[in-house]
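Dropping the structure in here first, questions after.
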Amino acid sequence: MIQYKIANPIRIQHQGNRANQEDNTYPTEQPTMADDRVFILCDGMGGHDRGEVASRTVCESMGAWLKEHWKADEPLTWETFNQALFAAYEALDKEDDVDDTKKMGTTMTFLALHAGGASIAHIGDSRVYHIRPASAEGPASIVSQTRDHSLVNDLIRLGELTEEEARTAPNRNVITRAMQPHQERRARADWKDVADVRPGDYFYMCSDGMLEQMDNSELLELIAAPQPTDSEKGEELLRRTAQNRDNHTAFLVHVLEVTGETHPAPPTDNAGNEVEVCAVAVEPADCGNDAPLPARRMGRKLSIRRRRIRRERACGLDFLGKGSLSGKLSTVLMLLVAVLSVLALLYFLLGKK
């Protein structure tokens with residue numbers, strides 16, 4: 001069993017230049033305490049009615065469900081998280097106003113430190129960073145960060161945008177996953193078990209508003225610095241984001257000690273690639289052992305298939321999956337010419353007979 005000792009987590013929250021605050025967190029009490037082990041941060045969808053209701057509902061319902069059904073001295077499984085996510089969707093459905101022309105919605109980021117290790121989940125473009133300060137083993141680094149579910153991030157992955165262009169793209173605030181009430185297909189959460197957590201590491205959770213004036217290199221330099229205290233780092237983060245337009249909220253969680261057994265290796269596919277499980281908010285009963293295809297296996301299959309597609313793209317096998325639009329059209333035209341040539345040859349040969 002793994003045990004963590006953490007410093008009092010730092011919570012940052014500012015309304016920015018918005019008319020109301022649509023970000024919410026769990027725990028909701030101020031200040032957060034060193035014995036807190038579950039952290040949830042939600043950013044209500046800007047431009048949608050009652051975004052603050054959506055973010056508050058998800059934070060409170062997930063936090064309340066876990067508090068009632070799970071203890072931090074137990075491992076947190078994907079199935080348990082999925083049931084908490086299901087409870088949040090059910091709560092959103094109950095809060096829905098059928099007369100709203102635009103449905104409320106929210107992003108969701110999740111961090112849990114538990115007896116089985118550490119687990120991260122997210123929906124949308126709010127982020128969770130795992131940051132490691134410099135040590136004798138190497139320089140300071142961002143060990144991992146969640147991948148935004150956003151239009152510009154999809155365009156970056158397709159090679160249609162650079163990261164620099166994405167910073168000023170007019171559609172940079174468009175997200176491709178969000179939690180909303182009465183969705184026909186509820187948005188999945190990307191889920192990851194963190195295998196390597198060391199004393200001194202930080203977890204930084206933030207809404208996208210925190211990143212208006214800071215890039216990853218500035219964030220790493222500030223959080224991984226050895227001298228300022230955690231409180232001073234929080235004050236500096238607040239100072240640097242004071243002029244941000246959007247609501248901005250963050251948690252800074254500093255791991256002081258890690259004791260106990262090592263975390264089990266994350267699941268892998270047949271090629272040895274690490275699998276990130278996609279959580280699907282289905283009825284809890286559907287995740288049982290009697291289900292013909294449990295949601296967890298389905299998520300792994302989807303993730304494995306995505307990794308296979310990436311390998312095919314790297315080998316040039318997926319000619320429509322990546323590259324510029326002109327390159328794709330050229331490839332299609334070449335294939336069309338080849339097909340027409342084969343048909344013409346067959347017509348000629350059959351005509352001679």
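Numbering starts at 1 and runs along the sequence shown. Remember, it's a predicted structure, so these values are computed and weren't measured experimentally.
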Requested in this report: Would you confirm whether T249, through its side chain, and Q13, through its main-chain N or O, come within 3.5 Å as a donor-acceptor pair?
Outcome: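 Pair absent, no side-chain N/O of T249 close to backbone of Q13.
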Query raised in the report: Does V143 belong to the same Ile/Leu/Val/Met/Phe/Trp/Tyr cluster as V194, with side-chain heavy atoms less than 4.5 Å apart forming each link?
Result: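 No, it is not one cluster - the side chains of V143 and V194 are not joined through contacts under 4.5 Å.
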Report task. First locate atom CG of L219, then atom SG of C206, and finally report the distance between them rounded to the nearest 0.5 Å. Result ->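 Atom-to-atom, L219:CG and C206:SG are 7.0 Å apart.
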Query - Path from V128 to I223 over hydrophobic side-chain contacts below 4.5 Å - result: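 As far as the 4.5 Å side-chain criterion goes, I223 and V128 are not connected within one cluster.
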Query raised in the report: Where the side chain of E212 meets the backbone of D246, is there a donor-acceptor pair that is under 3.5 Å apart?
Result: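 Yes; at least one donor-acceptor contact below 3.5 Å.
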Query raised in the report: Linking I/L/V/M/F/W/Y whenever any side-chain heavy atoms sit under 4.5 Å apart, do M214 and I142 land together?
Result: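 Yes: a chain of side-chain contacts under 4.5 Å links M214 to I142.
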**Report entry** Side-chain (T241) to main-chain (N244) donor-acceptor, under 3.5 angstrom
**Finding:**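 No.
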Report task. Verify whether one side chain among Q15 and D23 offers a donor that lies under 3.5 Å from an acceptor in the other. Result ->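 The criterion, which ignores hydrogens and geometry beyond distance, is not satisfied for D23 and Q15.
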**Report entry** E95/R50 ion pair, N-O < 4.0 Å
**Finding:**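 The answer is yes: the pair qualifies as a salt bridge.
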Query raised in the report: Should we say atom CD of E163 is surrounded by more than 12 heavy atoms from elsewhere, each under 6.0 Å from it?
Result: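 No, because the 6.0 Å sphere around CD of E163 holds 12 heavy atoms or fewer from other groups.
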Query raised in the report: Distance from T259 atom OG1 to Y4 atom OH, nearest 0.5 Å?
Result: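 T259 atom OG1 to Y4 atom OH measures 9.5 Å (nearest 0.5 Å).
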Report task. State yes or no: do L222 and L220 share one hydrophobic cluster built from I, L, V, M, F, W and Y residues joined by side-chain heavy-atom distances below 4.5 Å, directly or via other members? Result ->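 In one cluster: yes.
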Query raised in the report: Would you say the side-chain atoms of H114 and S119 include a donor-acceptor pair closer than 3.5 Å?
Result: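 Looking only at side-chain atoms, S119 and H114 do form a donor-acceptor pair, the distance falling under 3.5 Å.
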Query raised in the report: Is there a side-chain contact between I12 and L252, using heavy atoms and a 4.5 Å cut-off?
Result: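 Not in contact.
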Requested in this report: Looking only at non-hydrogen atoms, find the nearest pair between P9 and V253 and report the distance.
Outcome: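 Heavy atoms only, the tightest pair is CB-CG2, 4.3 Å.
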Query raised in the report: Who passes side chain to side chain donor-acceptor pair (under 3.5 Å) against R172, sequence neighbours left out?
Result: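 R172 satisfies side chain to side chain donor-acceptor pair (under 3.5 Å) with no other residue.
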Query raised in the report: Out of D148, D125, D190, D154, which one pairs with R177 under the salt bridge (Lys or Arg N to Asp or Glu O under 4.0 Å) rule?
Result: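 Single pass found, and it is D190.
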Query raised in the report: Distance from K94 atom NZ to H182 atom NE2, nearest 0.5 Å?
Result: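 One gets 10.5 Å once the value is rounded to the nearest 0.5 Å.
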Requested in this report: Inspect the contact between E74 and K71 and indicate whether a charged nitrogen and a carboxylate oxygen are less than 4.0 angstrom apart.
Outcome: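 Looking at E74 together with K71, the answer is no, because their closest N to O distance does not fall below 4.0 Å.
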Query raised in the report: Should L237 and R240 count as side-chain neighbours, where that means a heavy-atom distance under 4.5 Å?
Result: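 Side-chain contact under 4.5 Å: no.
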Report task. Would you mind reporting whether F110 and W191 have side-chain heavy atoms less than 4.5 Å apart? Result ->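 Counting from C-beta outward, W191 and F110 do come under 4.5 Å.
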Query - Any I156 side-chain heavy atom under 4.5 Å of T162 side chain - result: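 No, every pair of side-chain atoms sits at 4.5 Å or beyond.
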Report task. Going by the ring pair (Phe, Tyr, Trp, His ring centres under 6.0 Å) test, name the single residue among Y204, F251, Y26, F203 that passes it with F39. Result ->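 Among Y204, F251, Y26, F203, the one meeting ring pair (Phe, Tyr, Trp, His ring centres under 6.0 Å) with F39 is F251.
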Requested in this report: Compare all side-chain heavy atoms of Y129 with those of R127 and state whether any distance is below 4.5 angstrom.
Outcome: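 Y129 vs R127: side chains touch.
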Query raised in the report: Do E137 and R198 meet the salt-bridge criterion of a basic N to acidic O distance under 4.0 Å?
Result: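 Salt bridge between R198 and E137, a charged N being under 4.0 Å from a carboxylate O: yes.
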Report task. Search all heavy atoms of E22 against all heavy atoms of S55 and return the closest pair with its distance. Result ->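 Shortest heavy-atom separation between E22 and S55 comes out as O-OG, 2.7 Å.
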Requested in this report: Specify the closest pair of heavy atoms between A187 and A178, including all atoms of both residues, with the distance to one decimal.
Outcome: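 That would be CB-O, 3.3 Å.
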Query raised in the report: Is the backbone of L41 close enough, under 3.5 Å, to the side chain of T25 for a donor and an acceptor to pair up by distance?
Result: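 Flag not set: sc T25 to bb L41 has no pair under 3.5 Å.
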Query raised in the report: Does W70 use its side chain to pair, donor to acceptor, with the backbone of W65 at less than 3.5 Å?
Result: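 No.
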Query raised in the report: Mind checking whether I6 and D35 have side chains closer than 4.5 Å, heavy atoms only?
Result: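 The answer is no; the side chains never approach within 4.5 Å.
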Requested in this report: Report the C-alpha separation of N8 and T32 in whole Å, then their side-chain angles, then the decisive distance to 0.1 Å, and conclude whether the side-chain contact (heavy atoms from CB on, under 4.5 Å) test is met.
Outcome: CA-CA 6 Å; N8 285 335; T32 48; 5.6 Å; no
**Report entry** Nearest atoms (heavy-atom pairs only) where A54 meets T106
**Finding:**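 Heavy-atom minimum between the residues: O-CG2, 3.8 Å.
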Query - Of R186, Q183, Q180, the residue whose pairing with D93 passes side-chain hydrogen bond (donor to acceptor under 3.5 Å, both in side chains) - result: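 One option only clears the test, and that one is R186.
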Requested in this report: Give a yes or no on whether Y202 and V197 share a hydrophobic cluster (residues Ile, Leu, Val, Met, Phe, Trp, Tyr; joining criterion: side-chain heavy atoms under 4.5 Å apart).
Outcome: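 Different clusters: Y202 never reaches V197 through Ile, Leu, Val, Met, Phe, Trp or Tyr contacts under 4.5 Å.
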Query raised in the report: Roughly how far, to the nearest 0.5 Å, is NE2 of H248 from CD of Q213?
Result: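 With rounding to 0.5 Å, CD (Q213) is 10.0 Å from NE2 (H248).
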Query - Under 3.5 Å side-chain donor-acceptor pair for H14 and N247 - result: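 The answer is no; no qualifying pair exists.
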Requested in this report: Flag yes if more than 12 heavy atoms outside E236 fall under 6.0 Å of its CD atom; otherwise flag no.
Outcome: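 It does: E236 CD has more than 12 such atoms within range.
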Requested in this report: Evaluate the criterion side-chain contact (heavy atoms from CB on, under 4.5 Å) for residue pair L92 and D96; output intermediate values, then yes/no.
Outcome: CA-CA 6 Å; L92 275 179; D96 191 21; over 6 Å; no
Report task. Look up atom CG in L111 and atom CZ in R37, then write down how far apart they are to the nearest 0.5 Å. Result ->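 Output value for this atom pair is 10.5 Å.
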Query - Shortest non-hydrogen contact between T57 and A91, atoms and distance - result: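 Scanning both residues completely, I find the closest heavy atoms to be CG2-CB, 3.6 Å.
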**Report entry** Between E52 and N24: side-chain donor-acceptor atoms closer than 3.5 Å
**Finding:**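 Note: E52 and N24 side chains miss the donor-acceptor criterion.
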**Report entry** Reported CD-to-CG distance for the pair E221 and N216, which is rounded to 0.5 angstrom
**Finding:**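 One gets 13.0 Å once the value is rounded to the nearest 0.5 Å.
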Query raised in the report: Side chains of M108 and L85: does their closest heavy-atom pair fall under 4.5 Å?
Result: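 Yes, side chains in contact.
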Query - For the student: nearest non-hydrogen atoms of P133 and D201, plus distance - result: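 Minimum heavy-atom contact is CD-CA, 4.3 Å.
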Query raised in the report: For G124, does its backbone N or O pair with a side-chain atom of H149 as donor and acceptor, under 3.5 Å?
Result: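 Flag set: sc H149 to bb G124 pair under 3.5 Å.
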Query raised in the report: Among side-chain atoms of T107 and S126, is any donor-acceptor pair under 3.5 angstrom?
Result: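 Indeed, the side chains of T107 and S126 share at least one donor-acceptor pair under 3.5 Å.
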Report task. Please confirm whether the backbone N or O of V174 pairs with a side-chain atom of N171, one donor and one acceptor, at under 3.5 Å? Result ->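 Here the side-chain-to-backbone pair does not exist.
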Query raised in the report: Does some side-chain heavy atom of R132 sit less than 4.5 Å from a side-chain heavy atom of D196?
Result: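 D196 vs R132: side chains touch.
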